[in-house]
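Reminder, nothing fancy here: chain letters follow the sequence lines and each chain counts from 1. Only heavy atoms go into these numbers, but all of them, side chains included; no hydrogens, no water, no symmetry mates.
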Protein chains: 2
Amino acid sequence: MEDLIKILQSKNIHPSHQRIKILEILENNEDHMNVNMIYEELLKEIPTISKTTVYNTLSTFAEKGLVHCLTITPEEMRYDYRAKPHHHLLCTQCGRIIDVDVQCPYADVMEIDGHRIEEIQGYFKGTCRECLSHDKAQIIK
Amino acid sequence: MEDLIKILQSKNIHPSHQRIKILEILENNEDHMNVNMIYEELLKEIPTISKTTVYNTLSTFAEKGLVHCLTITPEEMRYDYRAKPHHHLLCTQCGRIIDVDVQCPYADVMEIDGHRIEEIQGYFKGTCRECLSHDKAQIIK
DNA sequence: TATTAATTTATAATTATTATAACTATGGAA
DNA sequence: TTCCATAGTTATAATAATTATAAATTAATA
């Protein structure tokens with residue numbers, strides 16, 4: 001709790017009750033939640049929470065660099081709360097978004113072809129390890 | 001025209017008038033159009049075209065591998081019509097999506113951490129060359 | 001305390017996309 | 001040719017994520 005407040009303050013975000021709770025959810029839950037997932041979690045603790053607040057807060061968090069916005073699913077924005085930059089795999093079978101810790105040769109590149117690079121996102125699409133092994137089990141059956 | 005029909009047929013897509021025209025637009029216009037851009041272009045030639053047809057056609061094209069779907073802009077899907085795989089830069093200043101032909105070390109990787117990889121998309125965000133030089137010109141003024 | 005600013009909420013508006021069903025064109029089979 | 005099945009197109013409505021707006025609440029400050 002104290003930690004969460006400190007994190008917010010270190011990013012110049014005023015630690016309101018709602019913002020603390022949202023940060024807590026990001027810390028405790030699996031990564032890559034969308035607004036609705038966060039909203040549903042929040043309802044358990046703040047039944048009066050408004051979805052607009054979730055949107056506002058996440059956009060503040062993104063501006064201040066506390067979360068990263070992922071557009072890997074076409075439907076809606078996903079939010080990534082993890083310090084170290086990494087890439088992502090979308091499993092087209094189960095829909096999960098999985099961290100992929102491949103080393104990226106452009107991770108520290110500031111410039112390509114004269115363009116200034118501020119962010120890199122690598123999106124892989126395919127079938128995750130778990131789905132593959134289920135598939136194999138199916139075939140054997 | 002004949003060529004367009006052959007392209008569609010080679011992908012097992014029945015070459016209807018609308019589909020030929022949509023493919024023509026993809027060939028002649030700058031890459032990375034969204035549905036609306038394609039729809040507006042189409043209206044000039046087929047005033048009765050329906051936006052649903054554009055959606056249907058593009059999703060068919062994507063299924064058959066004739067276009068690639070980009071989610072680099074959070075608002076809407078962009079369609080990439082180009083043979084060679086490549087990555088993209090979104091300029092946060094002018095909004096353009098620019099092809100980035102960096103060589104990707106994972107281009108031919110079929111598997112990472114046990115996951116099967118079928119597609120890779122690299123999204124860079126930053127400021128494009130042109131915007132940077134405009135900025136510089138501004139400062140000098 | 002009074003006042004101002006920041007934050008949250010409720011609500012409506014916007015917009016991309018999908019679903020549905022009717023309509024049209026096409027290509028055989030009778 | 002006529003009938004029928006199918007694919008393709010269109011018009012329309014529905015869905016859902018996001019943003020805009022304004023009112024209400026909370027916190028901060030003089």
First of B:N56 and B:P74 reached from the 5' end of DNA chain D, by closest nucleotide: B:N56
Per-nucleotide protein contact string for nucleotides 23-30 of chain D (B base, S sugar-phosphate only, - none; heavy atom under 4.0 Å): -----S--
Pair A:H87, A:D99: side-chain N/O donor-acceptor within cut-off below 3.5 Å: no
Stepwise side-chain contact (heavy atoms from CB on, under 4.5 Å) check, A:H115 with B:T127: CA-CA 6 Å; A:H115 311 299; B:T127 312; over 6 Å; no
Distance test, side-chain N/O of B:R19 to OP1/OP2 of D:dT9, below 4.0 Å: yes
With A:R96 via salt bridge (charged side-chain N to carboxylate O under 4.0 Å, His left out) - residues at least two apart: A:E130
D:dT9 phosphate, OP1 or OP2, under 4.0 Å from B:S50 side-chain N/O: no
Nearest-nucleotide comparison on DNA chain D, the residue closer to the 5′ end among B:I49 and A:N36: B:I49
Terminal contacting nucleotides, 5' and 3', DNA chain C versus chain A (heavy atom, 4.0 Å): C:dT7 to C:dT11
Do any side-chain atoms of residues 66-73 of chain A form donor-acceptor pairs under 3.5 angstrom with protein atoms, and if so which ones, sequence neighbours left out?
| unit_1 | atom_1 | unit_2 | atom_2 | d |
| --- | --- | --- | --- | --- |
| A:T71 | OG1 | B:T71 | O | 2.6 |
| A:T73 | OG1 | A:E76 | O | 3.0 |
| A:T73 | OG1 | A:E76 | OE2 | 2.8 |

Sugar-phosphate, base or nothing in reach of A:S16, heavy atoms under 4.0 Å: sugar-phosphate
Between P of D:dA16 and OH of A:Y39, the distance in whole Å: 15 Å
Close side-chain approach of B:M77 to B:N34, heavy-atom, < 4.5 Å: no
Among A:T53, A:I13, A:N56, A:L4, the one residue meeting side chain to side chain contact (heavy atoms under 4.5 Å, CB included) with A:R19: A:I13
Partners passing ring pair (Phe, Tyr, Trp, His ring centres under 6.0 Å) against A:H86 (at least two apart in sequence or in another chain): A:H88
With B:Y123 via ring pair (Phe, Tyr, Trp, His ring centres under 6.0 Å) - residues at least two apart: A:Y123
Residue-phosphate contact under 4.0 Å: B:T52 side-chain N/O, D:dA11 OP1/OP2: no
